[in-house]
Amino acid sequence: MFARIASQTARRSAKQSMQNAKQVSAVTTGIVGATALAYMYIDNSVSANMADEGLHPPSHPWPHSGPLDTFDHASIRRGYQVYREVCSACHSLDRIAWRNLIGVSHSEEEVKAMAEEFEYQDGPDENGDMFDRPGKPADYMPKPYANDDAARAGNAGALPPDLSLITKARHGGEDYVFALLTGYVDAPGGVEVREGLNYNPYFPGGAIAMARVLFDGLVEYEDGTPATTSQMAKDVCTFLAWAAEPEHDDRKKMGMKATVIMAGMTILSVYLKKFKWAGIKSRKIVYNPPK
């Protein structure tokens, strides 16, 4: 009797297992089929042409790239000069205020003088009217255009990106920006560039609205550094890298302090553990049963 019951139970279990297997197989077949149909009918046009994605920029040994390295603050100062005299005509720097430059590349007096060169709208006053006033260190960098439409109108329909986070927003970071600024060449044979655009192999598609802007001797550095194209590109890339991460130096200093403290605490913990447990682990317990 028990054998018959066990046999029936086994048959039912086997039947249930077969049904479950069929259900799993049907669901798997449906998923695979749906995926295949989606792959067939959805446009997955992926190009293997490097021109569509832009050339990969070469890697450069930036002074601030190491785990213990900090920014070259003299380069930041020169880079700000390049941005102010060249880049600021089209590109904004919305996330950087004048005060951010204090103690980094300029003194407080220099920053106040630079901010006062620009007029900012403030108010309302006691009569409810808006008024213009000289800039203060708390103000943010002025924009070259009033709005995006004005920016497009002044650049043949192209919108110049804000440069506050450009080294974080582009693959390759400052390497990409440096390659873009110094990579303008004549279009190779067979490549047509639309009128109003310029050929740069590091820009996706190769055609960029921004023309070459850096030329030897374009600015005059106050510290006497030769203003070559590569030097200006390096300095403005350093400045933009700092603008994207102003806390860079402080973060590395804090990380070093935390590493030293954690290493000391680890050594102390190991010593205390051995000190507290050495006697316990080496203790020998002997049981002498009563006679």
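Keep in mind that the numbers below use all heavy atoms, side chains included, and drop hydrogens, waters and symmetry copies. Along the sequence shown, residues are numbered consecutively beginning with 1.
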- [ ] Measure the shortest side-chain to side-chain distance between His171 and His56 over non-hydrogen atoms and say whether it is less than 4.5 angstrom.
- [x] yes
TODO: Apply side chain to side chain contact (heavy atoms under 4.5 Å, CB included) to the pair Val191 and Tyr199, showing each step before the final yes or no.
DONE: CA-CA 9 Å; Val191 176; Tyr199 182 75; 4.1 Å; yes
Task: Closest contact, heavy atoms only, Pro137 versus Ala115 - done: N-CB, 4.3 Å
Open item on the list: Is any side-chain heavy atom of Gln81 closer than 4.5 Å to one of Tyr221?
Closed with: yes
Open item on the list: Between the side chains of Glu174 and Lys234, is the shortest nitrogen-to-carboxylate-oxygen separation below 4.0 Å, so that they form an ion pair?
Closed with: no
TODO: Can you establish whether the number of heavy atoms outside Arg84 located under 6.0 Å from its atom CZ is more than 12?
DONE: yes
Open item on the list: So Pro160 and Asn155, do their side chains get closer than 4.5 Å, heavy atoms only?
Closed with: yes
Open item on the list: Is there a side-chain contact between Glu85 and Tyr80 in this structure, where contact means two heavy atoms from C-beta onward sitting under 4.5 Å apart?
Closed with: no
Open item on the list: Treating Lys252 as the side-chain partner and His64 as the backbone partner, does any N or O pair qualify as donor plus acceptor under 3.5 Å?
Closed with: yes
Open item on the list: When you group the ILVMFWY residues by side-chain heavy-atom contacts below 4.5 Å and let the links chain together, are Val260 and Leu68 in the same group?
Closed with: yes
Task: Note, Ile166 side chain near Leu163 side chain (heavy atom, < 4.5 Å) - done: yes
Open item on the list: Do Ser92 and Pro144 have side chains that approach each other closer than 4.5 Å (heavy atoms only, starting at C-beta)?
Closed with: yes
Open item on the list: Less than 4.0 angstrom from a charged side-chain N to a carboxylate O is my criterion; do Glu245 and Arg251 meet it?
Closed with: yes
Task: Which atom of Cys237 lies closest to which atom of Leu181, heavy atoms considered - done: SG-CD1, 4.5 Å
Task: Sidechain N-carboxylate O distance under 4.0 Å for Arg77, Glu110 - done: yes
Open item on the list: Between Glu116 and Lys112, does any side-chain N to carboxylate O distance fall below 4.0 Å?
Closed with: no
- [ ] Say whether, by atom type as modelled, one donor and one acceptor occur between the side chain of Asn200 and the main chain of Tyr202 under 3.5 angstrom.
- [x] yes
Open item on the list: Any non-hydrogen side-chain atom of Met254 less than 4.5 Å from a side-chain atom of Thr259?
Closed with: no
Open item on the list: Measuring only between side-chain heavy atoms, which start at C-beta, is Val86 closer than 4.5 Å to Leu218?
Closed with: yes
- [ ] Test His248 against every option in Phe71, Trp62, Trp242 by the ring pair (Phe, Tyr, Trp, His ring centres under 6.0 Å) rule and name the one that passes.
- [x] Phe71
Open item on the list: Could you check whether atom CG of Asp186 has more than 12 heavy atoms from other residues, nucleotides or ligands sitting under 6.0 Å from it?
Closed with: no
- [ ] Would you please classify the geometry between the His60 ring and the Phe178 ring as parallel, tilted or perpendicular, with 30° and 60° separating the classes?
- [x] perpendicular
TODO: Please answer whether the main-chain N or O of Glu119 pairs with a side-chain N or O of Asp132 as donor and acceptor at a distance below 3.5 Å.
DONE: no
Task: Cationic N near anionic O, under 4.0 Å, Arg170 to Asp175 - done: no
Open item on the list: So that I can tick it off, tell me whether Asp139 and Arg133 are bridged by a salt bridge, with the cut-off set at under 4.0 angstrom between side-chain N and carboxylate O.
Closed with: yes
Task: Backbone N/O of Met265 and side chain of Ser269: donor-acceptor pair under 3.5 Å - done: yes
Open item on the list: To the nearest 0.5 Å, what is the distance between CG on Leu197 and CE on Met210?
Closed with: 12.5 Å
Task: Audit row: His73, Asp249, side chain to side chain donor-acceptor pair (under 3.5 Å) steps and yes/no - done: CA-CA 11 Å; His73 290 255; Asp249 291 357; 3.0 Å; yes
Task: Where Trp98 and Tyr140 come nearest, the two heavy atoms and their spacing - done: NE1-O, 4.0 Å
Open item on the list: If I compare all heavy atoms of Leu93 with all of Ser164, which pair ends up nearest, and what's the gap?
Closed with: C-OG, 3.3 Å
Open item on the list: To the closest 0.5 Å, what do you measure between SG (Cys87) and CE (Met232)?
Closed with: 10.0 Å
Open item on the list: Nearest 0.5 Å, please: how far is CG in Leu165 from OG1 in Thr167?
Closed with: 7.5 Å
Open item on the list: With a 4.5 Å cut-off on side-chain heavy-atom distances among I, L, V, M, F, W and Y, is there a chain of contacts connecting Tyr120 to Phe131?
Closed with: no
Task: CG-OG1 distance between Leu214 and Thr182, expressed to the nearest 0.5 angstrom - done: 8.5 Å
Task: Thr228 OG1 to Asp235 CG distance, which is reported to the nearest 0.5 Å - done: 8.5 Å
- [ ] To the nearest 0.5 Å, tell me how far Leu268 CG sits from Lys273 NZ.
- [x] 14.5 Å
